[in-house]
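Read through the structure below, which is laid out as structure tokens, and then see the notes.
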Amino acid sequence: MMNFSFFAVPIAWGLAILPHFYAMNLYNRSANGKKWDNTNPRGQVARLQNDSEIPEEVKLKIIKAEAAQQNGFENLAFFCAGLIAANVTGVPTATIHALLIVYLISRAAYNLLYINTTNFYISYARTLTFLVGVSMVWAMFILAGQRLPYFTKPSI
């Protein structure tokens with residue numbers, strides 16, 4: 001079986017940046033002619049708090065989209081490390097593919113839920129999708145660890 005697992009890295013990166021593009025687009029459509037300040041994008045969110053021309057529900061979506069983006073990038077290194085560990089130790093390709101597909105689907109669902117959830121109880125669905133994705137990465141590490149040879153204590 002061909003191993004396509006490393007192609008998941010740019011897909012995961014794309015899923016991480018997508019909420020930022022959504023936030024920029026939403027701001028540009030809602031800001032009465034103002035444009036997203038790409039010279040200071042992190043400062044844009046801080047300035048957004050004081051912008052009285054943008055409806056509060058739109059501000060909240062922009063802030064949540066930026067938070068989803070940050071979480072995606074924070075999670076990306078963890079995912080890449082798990083993927084490398086699984087590949088280097090010889091975890092079967094089909095297993096790696098199954099884990100990364102669930103991971104990628106969970107990240108897409110996480111973004112949608114993070115940006116759009118307004119109900120406290122439904123917010124737990126976002127948490128669940130986060131935990132599903134993280135558990136796929138833990139599974140990669142655990143499976144990789146199980147394939148490592150046992151180390152023997154040196155004799156004295």
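N116 and K64 form no side-chain donor-acceptor contact under 3.5 Å, judged by distance and modelled atom types alone.
M140 CE to T95 OG1: the interatomic distance, rounded to the nearest 0.5 Å, is 10.5 Å. Here CD1 of I101 is found 12.0 Å from OG of S106. Values are rounded to the nearest 0.5 Å. Distance CD1/I96 to OG/S5: 5.0 Å, rounded to 0.5 Å. Going from atom CG of N32 over to atom CD1 of I54 covers 8.0 Å, rounded to the nearest 0.5 Å. Separation of atoms OG (S123) and CG (L128) is listed at 11.5 Å; rounding is to 0.5 Å. For the atom pair Y103 OH and S135 OG, the distance stands at 11.0 Å (nearest 0.5 Å).
Note: the hydrophobic cluster containing V88 also contains L83 (ILVMFWY, side chain heavy atoms under 4.5 Å, direct or indirect links). Linking Ile, Leu, Val, Met, Phe, Trp and Tyr whenever their side-chain heavy atoms come within less than 4.5 Å leaves L60 and L26 in two separate clusters. When hydrophobic clusters are built by joining Ile, Leu, Val, Met, Phe, Trp and Tyr residues whose side-chain heavy atoms come closer than 4.5 Å, directly or via intermediates, I105 is not grouped with L112. Cluster membership check: L148 does not share its hydrophobic cluster with L143, using side-chain heavy-atom separations under 4.5 Å among Ile, Leu, Val, Met, Phe, Trp and Tyr. Tracing side-chain contacts under 4.5 Å through hydrophobic residues (I, L, V, M, F, W, Y), one never reaches L18 starting from I63; they form parts of separate clusters.
For the pair F21/Q69, no side-chain contact is recorded, criterion being any heavy-atom separation below 4.5 Å from C-beta on. Using a 4.5 Å heavy-atom cutoff, the side chains of Y110 and V132 are not in contact. Using a 4.5 Å heavy-atom cutoff, the side chains of R107 and N71 are in contact. Contact check for Y22 versus I62: no side-chain heavy atoms found under the 4.5 Å cut-off. Within the 4.5 Å cutoff, no side-chain heavy atoms of M136 are placed close to those of L100. Annotation: side chain of E66 is not in contact with side chain of Q44 (no heavy-atom distance under 4.5 Å). Contact annotation: the side chain of D51 approaches that of K34 to within less than 4.5 Å [non-hydrogen atoms, C-beta and beyond].
In the displayed structure, Y124 atom OH is contacted under 6.0 Å by at most 12 heavy atoms of other residues, nucleotides or ligands.
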Should T129 and Y114 be marked as a side-chain contact (heavy atoms from CB on, under 4.5 Å) after you check the CA-CA gap, both sets of side-chain angles, and the distance that decides it?
CA-CA 10 Å; T129 61; Y114 201 126; over 6 Å; no
Let's go through W138 and F78 carefully: what are the C-alpha distance in whole Å and the side-chain angles of both, what is the deciding distance for ring pair (Phe, Tyr, Trp, His ring centres under 6.0 Å) to 0.1 Å, and is it a yes or a no?
CA-CA 9 Å; W138 280 123; F78 180 56; 5.2 Å; yes
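Cluster note: F7 groups with M2, F4 through ILVMFWY side-chain heavy atoms spaced under 4.5 Å, whether in direct contact or through intervening members.
For the pair R147 (side chain) and T89 (backbone), a donor-acceptor distance under 3.5 Å is present. Using a distance-only test at 3.5 Å, with no hydrogens or angles considered, a donor-acceptor pair links the side chain of N111 to the main chain of L15. The closest donor-acceptor contact from the side chain of K59 to the backbone of Q49 lies under 3.5 Å. Under the 3.5 Å distance criterion, the side-chain polar atoms of T117 are matched with a main-chain donor or acceptor of L113.
Across all their heavy atoms, V91 and A144 have their closest contact at CG2-N, 3.8 Å. Between A65 and I115, the shortest heavy-atom contact is CA-CG1, 3.7 Å.
Screening W13, Y27, F73, W36 for a ring-ring contact (aromatic ring centres under 6.0 Å, His included) with H20, the sole residue that qualifies is W36.
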